[in-house]
Each structure stands twice: as structure tokens, then as C-alpha cells.
2 protein chains.
Amino acid sequence: MATDKIGLAEEAVRSTGARMTRPRVMVLAVLFAAERALTHAEVEARLPRAAEVDRVTVYRVLEWLVDNHLAHKIAGDDRVRRFNAASHAHAGPHAHFQCSDCGEVICLEEAGAKPAVKLPVGYKQQQVELTIKGLCAGCVPASKPRTVARHHH
Amino acid sequence: MATDKIGLAEEAVRSTGARMTRPRVMVLAVLFAAERALTHAEVEARLPRAAEVDRVTVYRVLEWLVDNHLAHKIAGDDRVRRFNAASHAHAGPHAHFQCSDCGEVICLEEAGAKPAVKLPVGYKQQQVELTIKGLCAGCVPASKPRTVARHHH
DNA sequence: GCCATTAGTGCAATTGTGTTGCAATATTCG
DNA sequence: CGAATATTGCAACACAATTGCACTAATGGC
């Protein structure tokens, strides 16, 4: 993993005012280096072996990152939560894409306004989530032969 | 459970051309009688004890109903799948609401067009899913005292 | 109506993700 | 440095959902 991501991660963790620990820095650095949303298992796999972070700690750190607005959590429809570093680009509300074959999740820049939806009386809206389902480039059938490795569940 | 729902369910199952079995009919009847999307556990609980359907069979029947367009599946962000009978009202694409407190899911009629979102090259869009998160009438705090039972996870 | 075919079911065991309790550790602040 | 306490690691657990396989029962031809 690139050391510059670790530097960025250290700074981000420090900026929260909470304690700066190796698990927090390393997990956030992994997210910074990721090109897409990662599952808990993927984060764990990408942690350098030297880092030696416990499974449960990874869960708790991810949750902590979300609470501190350093990451955001995406619930796909495969019952797996994925996490993204909260970059400028994804600070506000935005849409997500999930591949219905391999499960890959990426963030999308949203163009256009969210449609208005009427809620029943007494209901209170907090957040709107827009998810596009489809096939990612690596999973589109009959496409030109690709060298992209398919990451299946 | 109302017997008329069972009649409707029998007809719907028969219309698929596949075998008409008690588990299929009873599960679909439960969905027909439901006022909101039900989890697997809720479906099981609402099955009359006389029906005696195995847990696993309920899972498989729900999946079968979805494959045959008699029901549709909603993935909330609490890692639990919920199922709705596919009625006319919900035949096409529509939005969902999920209560962030009790987890309740209902279908919404969507007003207005879906916003256009650009996918990366090579990606193929199949479906757009719009979910509103918020609080349902029973979970809104400080509301006038309610007699509504709260259904918590 | 009866029988053969095979789709569908039931049961047991397993997977995978995520959570909880608690003792041990390590960060921060004076 | 040394105390206070936020975090971590470990073990056990919770729970939805899945898989393998033998058994049962719905359907279609006779």
C-alpha cells in the first residue's frame, strides 16, 4: 500500500480529535487506496500482514469511520456492507451502482434532481438513496475479451 | 388468513404453468394478505400452523415467486430481505420506504422521472432502485401518543 | 383411476456477515 | 512518568440464508 495514503489517513484520523491508532490509520489508508467500495472481507485482505488487525476491530473501525464522516457505508442487495472513503466528490448525496453479477459497488455522480415521492401521513423522510443495478464492464457478457479478473462472491 | 387470498394465490400459482403446491399457495396468500413487505421470518410466523411449511421451503418458495414475477424482493439496509406480492400497483418500477428505526418497508408510488445517471463506459444499466429512508408513523418521536405496536428487530 | 417421472419438499449441517462481553493493551494528558 | 480510559483482541454468539441429499407428492400418459 502506498505510504502517502497512510500519511493522509493519519492526518484524517487526527483531525477527528479521537485517538490515533494503527488499526484506524491502516483501514482508512486501505479505503483511500481503493478504486471502489470495499467489503469488510476485502478491507481485511488488503491490510498488510504486518498490520495484524483483528477481524472485529476492522468492523469497529469501519463503523467508527462512518460515524466520523471519514467513510460511508453502502448496503447492496447481497447482504454485504461496503465502505468508501468519504472524499470530496462523495461528500454530499450521490447515487451508487451495483453489479448484479459480481456485486461490485461504485459511487456515481448524480445528474439531475431526485424525484419527489409522497410519503404516507405521519412518515418522516430522512435520506434518499438511489441505486442503479446492472452489469459492470467485467461482467457484461459477449463483450470483447477482457483481462479483468472477475471478483465473484 | 382470508380464504379469498388463498383462492387468488392458487390461481396465480397455476398461471405460471408450474406445479401447484401447498407451500407456494400458502406463502403467496400470506403476501397477498400483508399490508407491507414481509421478511422471511414474518412470512413463516403468519403461515397457519396447519400449513406446516419448512423454513427452507419458505426461502425457496419466496425465491420462486420472485423468479416468476408473483412477488418482488426488497433489500433493506438491515441485511434482511423483504417480500411483497407483485400487485398491479407495483408491477412497474417504484420506490420503497424503509424506517431506519423499526425496519418496516413499504412500497411507494413514484411521482416524477428517475434522474439520469451516467455510468462508466462498458457498464450496463438494468434497473433503478430508489429508497427513501426515514421514520414510519409509529417510530416518529414526540408524536401524539399512539396505540400502534412497534415491531422492532 | 393408476403408475412413472421428476419437480418440489423436508431435514441436517454449513456458510458468511456481523455482534457482544470482557479482559488486556496502548494512547493521551497532566 | 503514571493514571485514566478509549481501543483492541479474543472467544463465543446471533442470525439470515444456502447446500446436499434422501424422500414425497403433483402431473401427465395410459
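Chain A is the first sequence line, chain B the second, and so forth, proteins listed ahead of strands; every chain is numbered from 1.
- Annotation for A:Gln125: atom CD counts as buried by contact number, over 12 foreign heavy atoms lying within 6.0 Å.
- One atom, CD1 of B:Ile74, and another, C1' of D:dA16, lie 17 Å apart when rounded to the nearest Å.
- When side chains are defined from C-beta on, B:Trp64 counts as touching B:Thr16, because their heavy atoms get closer than 4.5 Å.
- When the P atom of C:dG16 is taken as reference, atom CG of A:Asp78 falls 14 Å away, rounded to whole Å.
- Taking atom CZ of A:Arg24 as the reference point, atom P of C:dT28 lies 10 Å away to the nearest angstrom.
- The aromatic rings of B:Tyr123 and A:Phe97 sit perpendicular to each other, their planes meeting at more than 60°, with 30° as the lower class boundary.
- As a whole-Å value, the separation of A:Glu63 CD from D:dA6 P is 16 Å.
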Contact string for nucleotides 20-30 of chain D, one letter per nucleotide 5' to 3', B = base within protein heavy-atom range under 4.0 Å, S = sugar-phosphate only, - = neither, reads B-----BS---
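- Residue A:Glu52 is classed as a sugar-phosphate contact, given heavy-atom separations below 4.0 Å to backbone atoms only.
- Within 6.0 Å of CD in B:Glu52 there are 12 or fewer heavy atoms belonging to other residues, nucleotides or ligands.
- Summarising the geometry, the separation between CZ on A:Arg82 and P on C:dT17 is reported as 10 Å, rounded to the nearest angstrom.
- Using a 4.0 Å cut-off between charged side-chain N and carboxylate O, B:Asp77 and A:Lys73 make no salt bridge.
- When distances are taken from the side chain of B:Arg79 to each of C:dG18, C:dG10, D:dT8, the shortest belongs to C:dG18.
- Relative ring orientation between B:His72 and B:His94 is described as perpendicular, the plane-to-plane angle rising above 60° on a 0-90° scale split at 30° and 60°.
- Straight-line distance from the OH atom of B:Tyr59 to the C1' atom of D:dT18: 9 Å, rounded to whole Å.
- Counting heavy atoms of neighbouring residues, nucleotides and ligands inside a 6.0 Å radius, atom NZ of B:Lys133 exceeds 12 of them.
- Note on A:Arg55: a base of the nucleic acid sits closer than 4.0 angstrom, heavy atoms only.
- Nucleotide C:dT19 holds its P atom 14 Å from the CG atom of A:Asp54, rounded to whole Å.
- A:Asp77 has its CG atom 16 Å from the C1' atom of C:dG16, to the nearest Å.
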